[in-house]
Amino acid sequence: MGRRKFFGLVRAAAIILGCVGSLVVAGARAEPQTVYFASADGRTQLVGYLFAPQTGGRHAAVVMLHGRGGPYSSNVNEGCTLVAKDNSSPCNASSLSKRHAAWGSYWAERGYLALLPDSFGPRNKGRGFARFSHDDPDRDDVNERTVRPFDAEGALKYLQSRGDVAPGQIFLQGWSNGASTALNVMYRQASLPSGGFRAAMALYPGCGPRALISQDYRASSPVTVFLASDDEEVSPAVCHRALDPAESHGSPIRVVDYAGATHDFDDPGEKRQSIEANRTAREDVLRRASGLFAK
């Protein structure tokens, strides 16, 4: 082999390896920053996970509210109880569920600062709760009506205090139990002066009397709700009964239904995404989301 041809092959190989390396780095997700702040309940110090964009300056922000399973991967959360500043736990920034990590990265890549508060770990319930555990009395002191809204409001206040956040451009997103919490936060906000969350999106919330503060629902800021017709955990029909009258009476609420989709349809795991309707629903939500929170 000639010397020139040999070095040409070496250079080509180096370029290929360099490209592969760049793809690996680009595909890797940076671990979020762990932060601590007060819940608006006045007594709980919360832990949160902050996904930040690469650019400087002030950013719009999103508070993300986890569901009844908590924010951590089911592979590690079984042994978790207390998650707090001075307590070592396998539940931490490196063990968030794929869904929460993916959404945090989604927002950061679009120039938003995303904050995922843990409502359960600071209250000795870092393991989260299993499916169909709605009647579990252990959930009472982390419920979505009278407890978790204060956590969302504490997260809002914390973000408003940061120099890298545009205080008038903070949005709210929630899943399941966290989606019900988001609906309750927006309901509470309707009777307060301006300065709260600018808009909210709620994915497959529970909407019954045990989930929502009031069945006479209203909101003063835009709320978009995504429901799955084949949801095996909550009832889309119950949500329509609570939310449709609010929309018809002038509240800025929009409900989107996905035929054939199930609970957790946006979970990127293989099990959920093996269902075609879930893939379709997930792609549509990802397509819509940044437009709903347009800065």
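The analysis underlying the following values was restricted to heavy atoms, covering all of them including side chains, and did not include hydrogens, waters or symmetry mates.
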Are the side chain of [X] and the backbone N or O of [Y] linked by a donor-acceptor pair below 3.5 Å?
X      : Y      : value
Asn77  : Cys80  : no
Ser73  : Asn75  : yes
Gln273 : Asp267 : yes
Thr81  : Asn124 : no
Gln160 : Gly196 : no
Ser180 : Gly206 : yes
Asn184 : Glu144 : yes
Arg68  : Phe129 : yes

Enumerate donor-acceptor pairs with a distance under 3.5 Å from any side-chain N or O in residues 145-155 to protein atoms, sequence neighbours excluded.
from: Arg145; atom 1: NE; to: Arg210; atom 2: O; distance (Å): 2.8
from: Thr146; atom 1: OG1; to: Asn143; atom 2: OD1; distance (Å): 3.3
from: Thr146; atom 1: OG1; to: Asn143; atom 2: ND2; distance (Å): 2.9
from: Arg148; atom 1: NE; to: Ser119; atom 2: OG; distance (Å): 3.2
from: Arg148; atom 1: NH1; to: His66; atom 2: O; distance (Å): 2.8
from: Arg148; atom 1: NH1; to: Asn177; atom 2: OD1; distance (Å): 2.7
from: Arg148; atom 1: NH2; to: His66; atom 2: O; distance (Å): 3.0
from: Asp151; atom 1: OD1; to: Ser39; atom 2: OG; distance (Å): 2.7
from: Asp151; atom 1: OD1; to: Arg123; atom 2: NH2; distance (Å): 3.0
from: Asp151; atom 1: OD2; to: Ser119; atom 2: OG; distance (Å): 2.7
from: Asp151; atom 1: OD2; to: Arg123; atom 2: NH1; distance (Å): 2.8
from: Glu153; atom 1: OE1; to: Arg188; atom 2: NH2; distance (Å): 3.0
from: Glu153; atom 1: OE2; to: Arg188; atom 2: NE; distance (Å): 2.8
from: Glu153; atom 1: OE2; to: Arg188; atom 2: NH2; distance (Å): 3.4

(Q) Once salt bridge (charged side-chain N to carboxylate O under 4.0 Å, His left out) is applied, do any residues pair with Asp230, and if so which ones, sequence neighbours excluded? (A)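 With sequence neighbours excluded, Asp230 shows a salt bridge (charged side-chain N to carboxylate O under 4.0 Å, His left out) to no residue whatsoever.
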
Q. For Asp266, which residues count as a salt bridge (charged side-chain N to carboxylate O under 4.0 Å, His left out) partner, sequence neighbours excluded?
A.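 Once residues adjacent in sequence are excluded, the partners of Asp266 under the salt bridge (charged side-chain N to carboxylate O under 4.0 Å, His left out) criterion are Arg99.
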
Q. Between Leu203 and Phe265, is a side chain to side chain contact (heavy atoms under 4.5 Å, CB included) present by the stated rule, with each step listed?
A. CA-CA 9 Å; Leu203 287 81; Phe265 59 73; 4.3 Å; yes

Kindly compute the distance separating [atom1] ([X]) from [atom2] ([Y]), expressed to the nearest 0.5 Å.
X      : Y      : atom1 : atom2 : value
His59  : Arg162 : NE2   : CZ    : 9.5 Å
Met201 : Met64  : CE    : CE    : 11.0 Å
Ser235 : Glu233 : OG    : CD    : 12.5 Å
Arg282 : Arg287 : CZ    : CZ    : 14.5 Å

Q. Among Phe51, Phe171, Tyr112, whose ring pair (Phe, Tyr, Trp, His ring centres under 6.0 Å) with Trp107 holds?
A.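 Going through Phe51, Phe171, Tyr112 one by one, the ring pair (Phe, Tyr, Trp, His ring centres under 6.0 Å) with Trp107 is satisfied by Tyr112 alone.
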
Residues in side-chain hydrogen bond (donor to acceptor under 3.5 Å, both in side chains) with [X], at least two apart?
X      : answer
Asn92  : Ser94
Asp231 : His263
Arg127 : Asp138
Tyr72  : Tyr49, Asp118

Q) Between Leu115 and Val62, does a side chain to side chain contact (heavy atoms under 4.5 Å, CB included) hold up when you go through it step by step? A) CA-CA 6 Å; Leu115 174 61; Val62 180; over 6 Å; no

Q: Count the heavy atoms belonging to other residues, nucleotides or ligands that lie under 6.0 Å from CG of Asp216, then report whether that count exceeds 12.
A: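 No, not enclosed.
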
**Q.** Other residues, nucleotides, ligands: >12 heavy atoms within 6.0 Å of Gln45 CD
**A.**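 Yes.
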
Q) According to the side chain to side chain donor-acceptor pair (under 3.5 Å) rule, which pairs have a member within residues 251-262, sequence neighbours left out? A)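 Listed once each, the pairs are His240-Asp257, Tyr258-Asp284, Thr262-Arg272, Thr262-Asn278.
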
Q.
Checking Tyr106 now: which residues fulfil ring pair (Phe, Tyr, Trp, His ring centres under 6.0 Å) with it, not counting sequence neighbours?
A.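 With neighbours one apart ignored, the set is Trp103.
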
Q) Does the separation of the ring centres of Tyr217 and Tyr187 fall below 6.0 angstrom? A)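 Yes, they do, as the ring centres are separated by less than 6.0 Å.
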
Q: Show your reasoning for whether side chain to side chain contact (heavy atoms under 4.5 Å, CB included) applies to Asp164 and Arg58.
A: CA-CA 4 Å; Asp164 56 354; Arg58 289 198 166 200; 5.8 Å; no

With the side chain counted from C-beta on, respond yes when [X] and [Y] share a heavy-atom pair under 4.5 Å apart, and no when they do not.
X      : Y      : answer
Leu82  : Ser89  : no
Cys207 : Leu183 : yes
Val63  : Pro117 : yes

Q. Do Phe120 and Val76 sit in the same hydrophobic cluster, where Ile, Leu, Val, Met, Phe, Trp and Tyr count as joined when their side-chain heavy atoms come under 4.5 Å apart?
A.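 Phe120 does not cluster with Val76.
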
(Q) If hydrophobic clusters are built by linking Ile, Leu, Val, Met, Phe, Trp and Tyr wherever their side-chain heavy atoms come under 4.5 Å apart, do Leu65 and Phe197 end up in the same one? (A)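 In one cluster with Leu65: Phe197, yes.
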
Q. With sequence neighbours left out, which residue pairs that include part of residues 78-101 fulfil the ring pair (Phe, Tyr, Trp, His ring centres under 6.0 Å) condition?
A.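 For residues 78-101: His100-Trp175.
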
**Q.** side-chain contact (heavy atoms from CB on, under 4.5 Å) partners of Gln33, counting only residues at least two apart
**A.**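 Only Val35, Leu50 meet the side-chain contact (heavy atoms from CB on, under 4.5 Å) criterion with Gln33.
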
Q) By side-chain contact (heavy atoms from CB on, under 4.5 Å), which residues pair with Ala61, not counting sequence neighbours? A)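 Ala61 satisfies side-chain contact (heavy atoms from CB on, under 4.5 Å) with Leu113, Leu159, Val165, Ile170 only.
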
Q: Would you check, one step at a time, whether the test side chain to side chain contact (heavy atoms under 4.5 Å, CB included) holds for Arg198 with Gln169?
A: CA-CA 6 Å; Arg198 186 167 170 178; Gln169 295 182 334; 3.2 Å; yes

